[in-house]
There are 4 protein chains.
Amino acid sequence: MATTPNPDRRNERARRAILDAALELCSTQTYAGLTMEGIAKSAGVGKQTIYRWWPSKAAILLEAITERADQSLDFPDTGDLLADLRGQMYELVRLFTDPMFGAYGRGLIVAAQTDPAISAALLDTLIRPRVQLCIERLAKAQQAGEIRADVDLAVVVELLYAPLYYRMLLHTAPVSSEQVDSVISLVMSGIRP
Amino acid sequence: MATTPNPDRRNERARRAILDAALELCSTQTYAGLTMEGIAKSAGVGKQTIYRWWPSKAAILLEAITERADQSLDFPDTGDLLADLRGQMYELVRLFTDPMFGAYGRGLIVAAQTDPAISAALLDTLIRPRVQLCIERLAKAQQAGEIRADVDLAVVVELLYAPLYYRMLLHTAPVSSEQVDSVISLVMSGIRP
Amino acid sequence: MATTPNPDRRNERARRAILDAALELCSTQTYAGLTMEGIAKSAGVGKQTIYRWWPSKAAILLEAITERADQSLDFPDTGDLLADLRGQMYELVRLFTDPMFGAYGRGLIVAAQTDPAISAALLDTLIRPRVQLCIERLAKAQQAGEIRADVDLAVVVELLYAPLYYRMLLHTAPVSSEQVDSVISLVMSGIRP
Amino acid sequence: MATTPNPDRRNERARRAILDAALELCSTQTYAGLTMEGIAKSAGVGKQTIYRWWPSKAAILLEAITERADQSLDFPDTGDLLADLRGQMYELVRLFTDPMFGAYGRGLIVAAQTDPAISAALLDTLIRPRVQLCIERLAKAQQAGEIRADVDLAVVVELLYAPLYYRMLLHTAPVSSEQVDSVISLVMSGIRP
DNA sequence: GTTTAAACGAGACGGTACGTCTCGTCTTCCC
DNA sequence: GGGAAGACGAGACGTACCGTCTCGTTTAAAC
């Protein structure tokens with residue numbers, strides 16, 4: 001890429017300070033109230049240093065979050081499909097109801113509406129890998145005959161997860177484990193042989 | 001309310017010009033690029049006149065949109081549930097793929113993440129009435145025995161519509177009538193007696 | 001004049017309230033802080049009523065002041081020129097050092113720098129009549145042989161009064177009766193036969 | 001001082017543009033019509049850059065003017081007191097009748113009525129140094145026996161110059177060299193031995 | 001071990017938009 | 001039709017950030 005200078009000479013301390021400051025500030029204020037100027041000041045860093053390495057505040061947040069999220073990338077397979085789904089979806093409920101998430105999670109999705117680069121990064125690093133893992137778990141179940149062979153698993157994943165995003169973003173109702181149970185129950189009815 | 005001055009003395013011409021300018025500008029630029037200053041100038045109106053009656057640009061857009069949307073509030077009942085659902089959902093697909101919607105539709109949802117007033121208005125005037133109509137149509141079908149009696153229809157509505165919002169907001173895949181067909185098919189399998 | 005509507009139908013009560021409010025406010029705030037809006041509110045009068053009858057706040061003040069000043073227009077002639085001059089000039093010192101005058105007096109002179117109408121009115125109603133009276137008193141003294149015949153009395157008046165205005169407007173030193181005495185003394189030395 | 005940021009990093013080009021634009025605009029419009037916004041636009045400068053270095057438009061004007069005025073600070077001593085006085089006062093007449101001066105000179109005096117800082121600066125940088133020079137010239141004449149020993153020279157300076165300010169600010173009559181001659185003539189009569 | 005080039009902190013710069021304020025005009029309703 | 005009330009178009013106010021652009025000052029690789 002031509003946008004960034006020599007990454008070898010990069011100062012890791014500055015990078016850390018910026019990412020930390022971004023998350024730190026996000027927990028205090030709203031995403032809209034997060035400014036490059038604020039990050040620079042609170043990180044003890046020149047603005048130019050930020051602009052040198054990131055194109056936007058969303059990009060900073062994204063990097064900060066993926067860094068923290070990359071750890072737990074796995075979808076359990078206990079043999080009990082319902083329990084596995086429920087466990088993963090409960091996890092998402094926990095995330096969506098975390099007040100901290102309200103700041104940067106929503107902020108990232110908001111930024112993705114405008115900035116295709118953020119949108120792509122969000123998909124590639126956070127969403128799709130997890131969707132893929134879920135599909136794979138469903139595929140095993142399908143091969144085991146727990147799901148009809150003609151069912152499009154990509155659609156199933158959407159049916160399972162979309163209602164959580166729907167409530168989270170539109171505020172029609174609080175995201176909850178009850179919702180997860182209802183959704184799983186109905187979807188399973190539709191895909192069982 | 002204390003926020004607004006005497007509404008009797010309000011100048012309707014200014015109100016119209018502001019709402020029209022807001023929509024007009026939205027079709028040109030992005031939602032973020034829509035400014036109070038721009039609306040004022042393009043409407044030939046003082047900024048104070050805008051701030052007098054609306055607290056934010058999102059509020060303006062919301063009023064402009066609801067005004068145009070209020071007309072067609074009905075959910076057909078042809079007796080054919082699948083066809084009725086498909087028709088309504090195709091309509092939403094058409095809306096979500098309208099380039100104009102990209103500007104203000106997404107903008108409103110974005111604004112709703114931050115501003116509870118916008119969120120509430122969005123729900124009350126646009127989302128919930130339509131959800132309600134859909135539930136009522138499903139209730140008729142349920143009474144006709146086309147849907148199992150134990151099915152929670154509110155969850156069904158979410159299962160049907162959430163995947164469209166999911167794709168629209170996360171850009172995981174293009175919203176399309178094919179998606180609608182898949183979703184309806186799977187959901188119907190799950191709720192049929 | 002074409003600027004004003006039919007003066008016969010004018011409401012005297014409103015006129016009084018406006019003039020009084022203008023002076024009243026001037027004693028509180030600075031001239032720059034005196035606004036049409038403030039006068040209207042404090043007079044319990046519509047802004048239009050002010051604009052109907054006066055072109056500017058300076059015009060209001062001017063009318064208010066001349067009204068009060070018109071009473072005492074006379075220059076005493078006790079036979080003692082020095083005493084007469086001193087008396088009149090002490091009076092001006094008293095005016096210039098009145099804190100109230102700081103508000104409207106300076107304000108009017110300031111306004112006169114910009115607005116020729118104010119300047120003309122200021123001269124015609126306040127300055128020139130008094131200058132004329134002073135010249136007449138001096139003329140009597142000249143005829144009595146107390147002042148050389150070749151002296152231009154208009155210049156003498158300026159020599160007497162200008163130093164007071166000079167200090168008042170430039171703040172080089174406080175206006176005072178000592179200054180008056182010095183000035184009179186020197187000027188008299190110059191014009192005595 | 002705490003008001004201004006690091007002056008070392010200051011952009012001289014911006015400073016020049018702002019000072020020039022201020023004078024330029026003053027000669028076009030009235031002082032009251034001079035706005036920070038106008039200066040910024042016409043100087044091709046951000047408003048913040050102005051506010052960073054000057055607290056008010058008067059401060060800008062003052063700096064602009066003193067810069068231009070500092071050059072010629074001397075009072076000639078040809079041995080001929082009358083000629084020297086006349087020369088200096090003619091110079092002031094020339095200044096007061098310069099149409100350009102009407103804009104910013106009056107503007108400064110107007111500003112000094114409201115803003116003590118401007119008043120002080122005006123006195124310290126423009127008025128008093130010149131008054132002092134005049135007093136010194138008069139003192140020499142006094143020691144040479146051309147002026148009575150008991151005459152307060154400070155009062156003489158006021159007698160000489162005040163009438164020019166008087167006419168300039170009150171518009172009672174045009175400032176002119178004839179006025180200067182009359183004034184000098186009368187004052188000299190009063191102070192000669 | 002010095003040179004040297006780039007990344008760094010700091011922050012001034014030209015801008016845009018903000019939300020508030022006041023101006024002088026226009027409109028509405030009351031007496 | 002004059003007057004009280006106040007909404008209106010206009011635009012300046014001073015502030016907050018934007019993203020770019022110098023400035024010295026580290027600082028780490030190349031000599």
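All values below were derived from every heavy atom in this structure, side-chain atoms included, with hydrogens, water molecules and symmetry-related copies excluded.
- Of the side-chain N and O atoms in C:T49, one or more sit less than 4.0 angstrom from OP1 or OP2 of F:dA4.
- Sequence order on DNA chain E of the closest nucleotides to A:N6 and D:A14 puts A:N6 first from the 5' end.
- Rounded to an integer number of Å, the gap from CG of A:D8 to C1' of E:dA5 is 14 Å.
- Taking atom CD1 on B:I50 and atom C1' on E:dT20, their separation rounds to 14 Å, with Å as the unit.
- In this structure, the separation between CG on B:D124 and CG on B:L62 is 10.0 Å, given to the nearest 0.5 Å.
- Between B:R10 and D:K57, the residue anchored closer to the 5' end of DNA chain F is B:R10, taking for each the nucleotide with the nearest heavy atom.
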Atom pairs under 3.5 Å, N or O on each side, protein against nucleotides 21-27 of chain F: can you list them with distances?
unit_1: F:dC21; atom_1: N4; unit_2: A:Q48; atom_2: NE2; d: 2.2
unit_1: F:dT22; atom_1: O2; unit_2: D:R9; atom_2: NH2; d: 3.0

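- With rounding to whole Å, B:Y51 atom OH is found 21 Å from F:dG6 atom C1'.
- Qualifying side-chain contact (heavy atoms from CB on, under 4.5 Å) partners for D:T49, counting only residues two or more places apart in sequence or in other chains: D:A14, D:I18, D:V45, D:R52, D:W53.
- With sequence neighbours excluded, the residues satisfying side-chain hydrogen bond (donor to acceptor under 3.5 Å, both in side chains) with B:E37 are B:K47.
- A distance of 8.5 Å separates CD1 in C:I65 from CG in C:L122, rounded to the nearest 0.5 Å.
- The phosphate of F:dG14 (OP1 or OP2) has no side-chain N or O of D:W54 nearer than 4.0 angstrom.
- Between B:W53 and F:dC8 there is a side-chain N or O to OP1 or OP2 distance below 4.0 Å.
- Spacing between atom CD of A:E12 and atom C1' of E:dA6 amounts to 17 Å, rounded to whole angstrom units.
- Within the structure, the side chain to side chain donor-acceptor pair (under 3.5 Å) test picks out the following pairs touching residues 13-22 of chain B (sequence neighbours left out): B:E12-B:R15, B:R15-B:E63, B:R15-B:E67, B:R16-B:D20, B:R16-B:E67.
- Put simply, CZ on D:R16 is 18 Å from C1' on E:dC13, counting in whole angstrom units.
- How far CD of A:Q113 is from CG of B:L169: 5.0 Å, rounded to the nearest 0.5 Å.
- Taking every heavy atom of residues 20-40 of chain A and every atom of DNA chain E, no pair lies under 4.0 Å.
- Mapped onto DNA chain F by nearest heavy atom, B:A43 and D:P55 fall at different nucleotides, with B:A43 at the one closer to the 5' end.
- Atom NZ of D:K57 is separated from atom SG of D:C26 by 8.0 Å, given to the nearest 0.5 angstrom.
- Here F:dC8 presents its P atom at 12 Å from CZ of B:R15, a figure rounded to the nearest Å.
- Shown here are the salt bridge (Lys or Arg N to Asp or Glu O under 4.0 Å) partners of C:E24, two or more places apart in sequence or in another chain: there are none.
- Residue C:I118 comes nearest to C:L108 through the heavy atom pair CG2-O, 4.0 Å, listed as atom of the first residue, atom of the second, then distance.
- One finds no side-chain N or O of C:R52 lying less than 4.0 angstrom from the OP1 or OP2 phosphate oxygen of F:dG2.
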